[in-house]
Amino acid sequence: MRVSRSFIPTLKEVPNDAVIQSHILMIRAGLVRQLSAGIYSWLPLGYKVIRKIIDIIREEMNAIGGQEFHFPGLNPKEIWEQTGRVEAFGDILFHIKNREYVLAPTHEEIVAYHAKGAIASYKDLPQIWYQIQTKFRNEPRPRSGVIRGRQFIMKDAYTLDRDDAGLDVGYALHDKAYRAIFDRCGLRYFVVGASSGAMGGSKSEEFMVKSDAGEDTVAYCEKCGYAANAEVAQSVAALIPHQKESKKLFEISTPNVHSIDELCTFLKIDEHETAKSRIYIHDAKPILVLMLGNDEVNETKLGNVLGGNVRPAHPEELKEISGADAGSIGPIDFPHRIIADNLLKDGNNLYSGANKNDFHIGGIDLRRDVSKCEYFDLRTAENGEKCIRCGSTLDVFKAIELGHIFKLGTKYSDALGVLYLDENGKERPIVMGSYGIGVERIFACFLEQNYDEKGIIWKKPLNPFDIHLIGLNMKNEMVSKACEKLYIDLIAEGYEVLFDDRLEASAGFKFNDADLLGMPIQLIVGEKNLKDGKVEVKNRKTGEKKVVELTQLNSILKELI
RNA sequence: CGGGGCGUAGCUCAGCCCGGCUAGAGCGCUUGGUUUGGGACCAAGAAGUCGCAGGUUCGAAUCCUGUCGCCCCGACCA
């Protein structure tokens, strides 16, 4: 492709709207342009990369027996009402104004609709159906460039099986395909497993890329591979030491002390000598949750421990329940259920609220004074704590979710009546799995992992071109003739070549554009070297430059690419 | 939806607080010329309903009200 005839609008300056690196680079390198919040147009160079990503996905999906579909983006609302998902999606679902249609945010309903009746026998199963298609979600706040858009390309796959054993097989196949896809795309990623108890033992795994631009927080152990969403991640943190002697309980006047920080300052004590109290309402009954020092209650873990409905108590409710307002609540003589974080186990000589405004109690020995207390893991794992599995150090960081595989079960088959006959002639619901990959997210994550201060650093197989051929002074006949020949020859050799044949652009301008666009190899053709029958080969990643004989160019390129 | 910021030329931004001539700069773009190994130089030029609507005023990019859009933080994320 000739630069002089291509639409590759590169930008010198950092666009106002872009904040994260991948977004900045996409816009600066002329890969994408924004149309509206969360809505992007892919420009030719960017779309070339999108197609390469899609090709890889398609190959790996076909390799596990997937059959490619193209389902409509426009769906009858009625089908979505039958599964209750018009309500479940709420404002996220786009509605068409002048007909009873919705824009599909995913396609479980449509898969189930087509499977119904058409798959009538166990002999028709299993099936793997997939598509690579545009999805629509009315995100309340699109952000981070193409990472969270209102319209995006998704590979979504669905398995149809007779039973859970079949589903296990389909799920494992997708796990394998996903690893192959992300490996081939050259991404550094990891897999977060989460067994969601509420779904009846259903399994789900998320494929994540570490990035500050991410929306999920995960805890990850490099050594053993333990990875979990921070909401559920477990860690080993030091218990507070049990002191030999427990003091007696004593009450202290603490006027205007409402937080752990204020209490520590007021009494000149360490945070680890205090226990913070929070009151929740669990199935209409109050419950006191005790945390060490300033640790926050992890409400996801709390919910998992308690089951049922859990919500923080309203400020107005606190006094009636405990006798005090927030800041003075504590476990001593608290008349309802008390649970505490594991770190407080065996704690003594602790300070906490007195259930009387402006008073705290010291000398609390939890074993002695709060004997009915139950202990659970209720805190959020923090960076640097020990891995629950292997004991080495946990990393807690932000991550981008690239893909998600999970076992659906019979939710949609039941709702839509998607049944088949088994060997015994008995009707059974088809067991489904659902598997998604964000195509643009692969793109963005690749950029997040492959750039420097000059621009993008592409590598096979996603690079839009293999070679960036740069004619330094195209008005010089020797240079232009040599470039034209190289362009033809390299293409004939099977390389994808971007040819900067611009007449006017100066050398420096072309170099900087080439570094920004980031093709793996730059082939620089200038008068000086050409006089000696040589050209310069530059490795974009290492910056290494070699002046080589034209006659040896082919073998050198073969080594490099 | 809550909090914050921004909307002036293709891009980045100044001007706005304190209203006043034909609304500016840099980059980019066009034409001519000189250049061509790390974002060249000279000369001439094109380009903006100052987001939109209403109001105040002799006069509004500037003040007021409303509205739309975009970005960031939070909430949300099947």
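Lettering follows sequence order; numbering is per chain, from 1. Atoms considered below: every heavy atom in the structure, side chains included; atoms not considered: hydrogens, waters and symmetry mates.
- Here K135(A) pairs with D156(A) in a salt bridge; the nearest charged N to carboxylate O distance falls below 4.0 Å.
- For the pair E205(A) (side chain) and D175(A) (backbone), a donor-acceptor distance under 3.5 Å is absent.
- When the options D515(A), I524(A), I521(A), D500(A) are evaluated for a side-chain contact (heavy atoms from CB on, under 4.5 Å) with H468(A), the one that passes is D500(A).
- Across all strands shown, K510(A) has no heavy atoms under 4.0 Å from either base or sugar-phosphate atoms.
- Between R28(A) and R150(A), the one whose closest nucleotide on RNA chain B sits nearer the 5' end is R28(A).
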Can you name the atoms? Protein N/O to nucleotides 71-77 of chain B N/O, anything below 3.5 Å, with the distance.
residue : atom : partner : partner atom : Å
C71(B)  : OP1  : Q34(A)  : NE2          : 3.1
C73(B)  : OP2  : R141(A) : NH1          : 3.3
C73(B)  : OP2  : R141(A) : NH2          : 2.9
C73(B)  : N4   : R141(A) : NE           : 3.3
A75(B)  : N6   : R143(A) : NH2          : 3.3
C76(B)  : N4   : R143(A) : NH2          : 3.0
C77(B)  : O2   : R148(A) : NH2          : 2.2

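- Among the atoms of the strands shown, only primed sugar atoms or phosphate atoms (P, OP1, OP2) are found under 4.0 Å from some heavy atom of P15(A).
- Heavy atoms of K545(A) sit under 4.0 angstrom from at least one base atom.
- Within the 4.0 angstrom heavy-atom criterion, no nucleotide atom of any strand lies near V479(A).
- Salt bridge R150(A)/E139(A): absent, no basic N to carboxylate O contact under 4.0 Å.
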Using atom names, set out every protein N or O paired with an N or O of nucleotides 40-48 of chain B below 3.5 Å, distance rounded to 0.1 Å.
residue : atom : partner : partner atom : Å
A40(B)  : OP2  : S506(A) : OG           : 3.2

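- Note on D91(A): nothing from the nucleic acid sits closer than 4.0 angstrom, heavy atoms only.
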